[in-house]
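To keep things clear, I will list the structure first and then write my remarks on it.
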Amino acid sequence: MKYWLVKTEPDVYSIDDLAREGKTLWSGVRNYQARNFLREMKLGDKLLIYHSNAEPPGVAGIGEICQEHIPDPTQFEEGGEYFDPKSTTVNPRWSCPQVGFVKKLPHLVPLQALREEESLKGLLLLQPGTRLSVIPVSEDHFRAIIAMGKAVKVS
DNA sequence: GCCAACGTTGGC
DNA sequence: GCCAACGTTGGC
């Protein structure tokens with residue numbers, strides 16, 4: 001099993017939206033490297049759901065792959081925000097898996113806390129210049145971040 | 001809202 | 001295939 005982190009803007013789609021719906025197609029990713037990671041995701045892989053462009057940004061919950069990638073339907077929606085005129089049904093460019101809700105963390109783990117955590121050195125999310133919206137995470141890092149989300153805040 | 005750091009596009 | 005211009009991401 002592999003572990004990942006996926007970014008979402010909570011104003012657009014938050015962990016609470018995922019909790020309400022139970023599952024969702026992770027559509028709209030338009031970056032080749034991120035797309036390739038989406039295609040690598042296997043049934044049962046676990047995801048950290050990260051809130052970007054939020055106050056504060058951070059890891060909000062956990063999801064899992066409940067269906068492996070299919071062609072992203074939004075690439076064919078003419079006039080839609082994610083329409084890609086160069087994409088064809090025969091040769092689709094973009095893919096998306098279906099992500100199921102697992103849980104919301106008791107506490108959001110802010111980006112700042114991730115940066116301050118020594119054991120998370122090397123987490124791709126924290127590397128300067130990483131803007132990828134889909135990022136592989138090691139099992140150790142995955143567990144460490146969840147533990148941070150369970151811990152009672154001291155300050 | 002700013003802007004740095006990337007990615008993408010398209011002319012040549 | 002280079003690279004300048006432009007668009008996007010996402011923290012601050």
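Just so it is clear: chains get the letters A, B, ... in the order the sequence lines come, proteins before strands, and each one is counted from 1.
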[atom1] of [X] versus [atom2] of [N]: gap in Å, rounded?
X	N	atom1	atom2	result
A/Q33	C/dT9	CD	C1'	14 Å
A/L5	C/dT9	CG	C1'	15 Å
A/R30	C/dT8	CZ	P	13 Å
A/I135	C/dG10	CD1	C1'	12 Å
A/E9	C/dT8	CD	C1'	11 Å
A/R131	C/dT8	CZ	P	11 Å
A/H51	C/dT9	NE2	C1'	17 Å
A/D84	C/dT8	CG	P	13 Å

Can you tell me which nucleotide in [options] comes closest to the side chain of [X]?
X	options	value
A/S52	C/dC12, C/dG10, B/dG7	C/dG10
A/S133	C/dG10, B/dC6, B/dT8	C/dG10
A/K86	B/dT8, B/dG10, C/dG10	B/dG10

Task: Phosphate OP1/OP2 of C/dG10: any A/K7 side-chain N/O under 4.0 Å - done: yes
Open item on the list: When you measure from the side-chain N and O atoms of A/Y50 to the phosphate of C/dT9, is any distance below 4.0 Å, counting only OP1 and OP2?
Closed with: no
- [ ] Would you tell me whether A/D72 and A/T74 have side-chain atoms, one donor and one acceptor, within less than 3.5 Å of each other?
- [x] yes
Open item on the list: Quick one about A/R39 and A/S95 (side-chain donor to acceptor, distance below 3.5 Å, no hydrogens or angles considered), yes or no?
Closed with: yes
TODO: Using modelled atom types only, decide if a donor and an acceptor are shared between the side chain of A/N91 and the backbone of A/T88 within a distance under 3.5 Å.
DONE: no
- [ ] Would you kindly compare A/R93 and A/N53 by the position of their nearest DNA chain B nucleotide and give the one closer to the 5′ end?
- [x] A/N53
Open item on the list: Against A/L5, only a single residue in A/L132, A/L124, A/V59 fulfils side chain to side chain contact (heavy atoms under 4.5 Å, CB included); can you say which?
Closed with: A/V59
Open item on the list: Applying a 4.0 Å non-hydrogen cut-off, can you work out what A/L125 is touching in the nucleic acid: base, sugar-phosphate, or nothing?
Closed with: nothing
Task: Taking every non-hydrogen atom, the tightest pair across A/P136 and A/W4 - done: CA-CE3, 3.6 Å
